[in-house]
There are 2 protein chains.
Amino acid sequence: MALTDVPEIVVRRLPLYLRALTALAESNHLVTSSQELAARLGISSAQIRKDLSYFGEFGKQGMGYEVPYLRDQLRRILQADRHWSMVLVGAGDLGHAIVNYASFKRWDYEIVAIFDNDPAKIGRKLGGLTIRPADELESAVRELGVQIGIIAVPAAQAQAVAERLIRGGVRAILNYAPVSLNLPSDVRVHSIDPVVGLQSMTYYLNPSS
Amino acid sequence: MALTDVPEIVVRRLPLYLRALTALAESNHLVTSSQELAARLGISSAQIRKDLSYFGEFGKQGMGYEVPYLRDQLRRILQADRHWSMVLVGAGDLGHAIVNYASFKRWDYEIVAIFDNDPAKIGRKLGGLTIRPADELESAVRELGVQIGIIAVPAAQAQAVAERLIRGGVRAILNYAPVSLNLPSDVRVHSIDPVVGLQSMTYYLNPSS
DNA sequence: GCGTGTGAAACAATTCACAGCG
DNA sequence: CGCTGTGAATTGTTTCACACGC
């Protein structure tokens, strides 16, 4: 099975499986099944089995899956078993929160450079790094060989920042700016906008209160 | 057209349309088209037209859409044209960042109570509110009549917190804890886990660097 | 017997393509 | 003519259901 034709929607579910398996392993749960994972994740067991089958045969018939083994396989598939360097653009409140976000450290994602275009911030320290001027962006990203960029700038600047990150060699962007980025299809984007999440939920809420 | 059979995936796109229309309106762009929105959002124009057609006929043939009108219609549909109260559980680093997140204010989402189970934090102030003990959760949520809860506690506690929020009357949860919540299907959940986003992107990245 | 892996069937979402109207 | 709104066609995703092996 050619891995190029794995549907993206399947890839987006794998981290959820990995997260559940990691939690199971931490509570010394050595064996699981597609049904148990399904119950935890709110996904059907058939879907979990089909998703995993794109990548190999990880279970034993009649037995289920060995938790540490399947976890390690998913970590390998997702390249979550190694260190990743990232650059952060935007040293405002959001940038501060991102630098201090504990889960990144826990999963071996490391911010190795921070950029801002505010002269008052350039030269200051943040999370052990000196904030660098935004005009060094392309060259610094290229020198560092970083593939992941995090955008935490105002919406109006996000598209331009994304394009400069890409020119520096970035291939994946975690976008916290509340705007849709328009980028080449070979660049991955994951956007986080809590307001978008809230608005799609309030659609279903009661008009009262 | 019964609004109950609007696919959820359509509802999840509406906030993106609203966001784009709000930006267009702010730059005094008075008219737009499904093609222009499509180019901005990276979605096909046919999909935008079909999505909007679930809710009414908002455009003029040969002309396109009036930006302020369509924006207001979407705000009404999503109930984004009114104030929403929310409660926050978890007053750690993440909770602090959430309280100070400017976009909530801009869109009229207000945090009206904050809870934590750490005695060292209870009684302290955060964003003008006094941090309350977690055991007041259900009763306080019920008294306040709040429909939206934000979870910013460690993964191990998130499921229990969610259940307590729901017992207090919450019907929508913005979940920042890195765990899949298992809740009644009439409760809406939107989860934000940057690591999940990163892992689904690193799948596609180059093994080098 | 139990639970995986998987073709086939069912269902859902997207795109096509064009009538219709300003 | 230009662009919306929408059935029909296409494409994509999920579920079904069962052979297979532990």
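Residue numbering restarts at 1 for every chain, and letters A, B, ... go by the order of the sequence lines.
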B:Q35 CD to D:dG5 C1', straight-line distance once rounded to whole Å: 14 Å

Separation of D:dG5 P from B:I48 CD1 (nearest whole Å): 12 Å

Side chains of B:T22 and B:R71, donor plus acceptor under 3.5 Å: no

Length of the CD-P vector between A:E36 and C:dG3, whole Å: 11 Å

Sugar-phosphate, base or nothing in reach of A:S34, heavy atoms under 4.0 Å: sugar-phosphate

Distance under 6.0 Å and angle within 45° of ring axis: B:R132 vs B:F115: no

Spacing between B:Q73 atom CD and D:dG5 atom P, to the nearest angstrom: 12 Å

From D:dC16, D:dT4, C:dT15, nucleotide with atom closest to B:A46 side chain: C:dT15

Selected nucleotide, minimal atom distance to B:K50 side chain, candidates D:dT14, D:dA8, D:dG5: D:dA8

Nucleotide D:dC3, atom P - distance to CG of B:L37 in whole Å: 13 Å

Sugar-phosphate only, base, or nothing, as touched by A:L52 at under 4.0 Å among non-hydrogen atoms: nothing

Side-chain N or O of A:R13 closer than 4.0 Å to phosphate OP1/OP2 of D:dT14: yes

Side chain of B:P7 - closest among C:dA13, C:dC18, C:dG5: C:dA13

Contact nearer the 5' end of DNA chain C, comparing A:G62 with A:F58: A:G62

Proximal nucleotide (of C:dG5, C:dG3, D:dT4) relative to the A:S33 side chain: C:dG3

Along DNA chain D (nearest heavy atom to each residue), the more 5'-positioned of B:G59 and A:K60: B:G59

Atom of B:I48, atom of B:L41 and distance for their closest heavy-atom approach: CD1-CD1, 4.3 Å

Separation of D:dT13 C1' from A:R49 CZ (nearest whole Å): 16 Å

Nearest-angstrom distance from the residue atom CD of B:E57 to P of D:dC3: 18 Å

Residue A:Q61, side-chain heavy atoms: nucleotide from D:dT15, D:dG21, C:dT14 that is nearest: D:dG21

Short side-chain N/O contact to D:dG5 OP1/OP2 from B:Y65, under 4.0 Å: yes

Distance, rounded to the nearest Å, where A:R12 contributes CZ and D:dT13 contributes C1': 12 Å

Salt-bridge contact A:R82-A:D108 (side-chain N to carboxylate O under 4.0 Å): no

Nearest-neighbour nucleotide for the A:S53 side chain, D:dT14, C:dT6, D:dT6 considered: C:dT6

B:S44, nearest nucleotide to its side chain (from D:dT14, C:dG5, C:dT15): C:dT15

Residue closer to the 5' end of DNA chain D, A:M63 versus A:D51 (nearest nucleotide): A:D51

N or O in side chain of B:Q47 less than 4.0 angstrom from C:dT14 OP1/OP2: yes

Check: B:R49/B:S34 side-chain N/O donor and acceptor closer than 3.5 Å: yes

Pairwise side-chain contact, B:L70 with B:L52, heavy-atom cut-off 4.5 Å (strictly under): yes

